[in-house]
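Inspection log for the structure reproduced underneath, given as structure tokens.
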Amino acid sequence: MMSGFELIAALPYDVRVELILGGTAVQGVDYTVAGTTVTIPAGDTTASMDIQIIDNNVYESEKTIFVSMGSLDGAVEGDIIEQMITIND
């Protein structure tokens, strides 16, 4: 599963975005991520983060992952967007 981040215009330098993860799903139990920062490379407008859902073969109720933007390095915050991902077992 992918979570994406976008600039309204390409910049001539990298932009680093720190992410805040929350929700009812537990990192390391229900899902894994490679890190909590993404970099939008110079000249690009988008970057994404891969979220791997862990299938533990146990039926559980619906869980959520909230991905929100923390601090930015190299850009100014626009609209704060929080993405919600739902895990259905």
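Taken from OG1 in Thr32 to CD1 in Ile53, the straight-line distance is 8.0 Å, to the nearest 0.5 Å. Here CD of Gln27 is found 8.0 Å from OG1 of Thr36. Values are rounded to the nearest 0.5 Å. Considering OG1 of Thr24 and CZ of Phe66, their distance stands at 7.5 Å, rounded to 0.5 Å. We find the CG-CZ distance between Asp14 and Arg16 to be 11.0 Å, quoted to the nearest 0.5 Å. The distance from atom OH of Tyr31 to atom CD1 of Ile51, rounded to the nearest 0.5 Å, is 7.5 Å. Put simply, CE on Met84 and OG1 on Thr86 are 3.5 Å apart, with the number rounded to the nearest 0.5 Å.
Contact between Ala10 and Gly43 at its shortest, heavy atoms only, is CB-O, 3.5 Å. The shortest heavy-atom contact between Ala9 and Thr45 is C-CG2, 3.8 Å. For Met49 against Leu21, the heavy-atom pair with the smallest separation is CE-CD2, 3.8 Å. The two residues Gly70 and Ile20 make their nearest non-hydrogen contact at CA-CD1, 3.9 Å. Contact between Asp30 and Ile87 at its shortest, heavy atoms only, is O-CD1, 4.1 Å.
Between the side chain of Asp44 and the main chain of Ile40, no donor-acceptor pair closer than 3.5 Å is present. Formation of a donor-acceptor pair under 3.5 Å by the Asn88 side chain with backbone atoms of Glu62 is not found in this model.
Judged purely by distance below 3.5 Å, without hydrogens or angles, the side chains of Ser71 and Glu18 pair a donor atom with an acceptor atom.
Val38 is connected to Tyr13 through a chain of hydrophobic side-chain contacts under 4.5 Å among Ile, Leu, Val, Met, Phe, Trp and Tyr, so both are in one cluster.
Counting only heavy atoms from C-beta outward, the side chains of Thr39 and Thr37 never approach each other to under 4.5 Å.
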Residues Gln52, Asp50; criterion side chain to side chain contact (heavy atoms under 4.5 Å, CB included); working and verdict: CA-CA 6 Å; Gln52 294 292 317; Asp50 189 27; 2.5 Å; yes
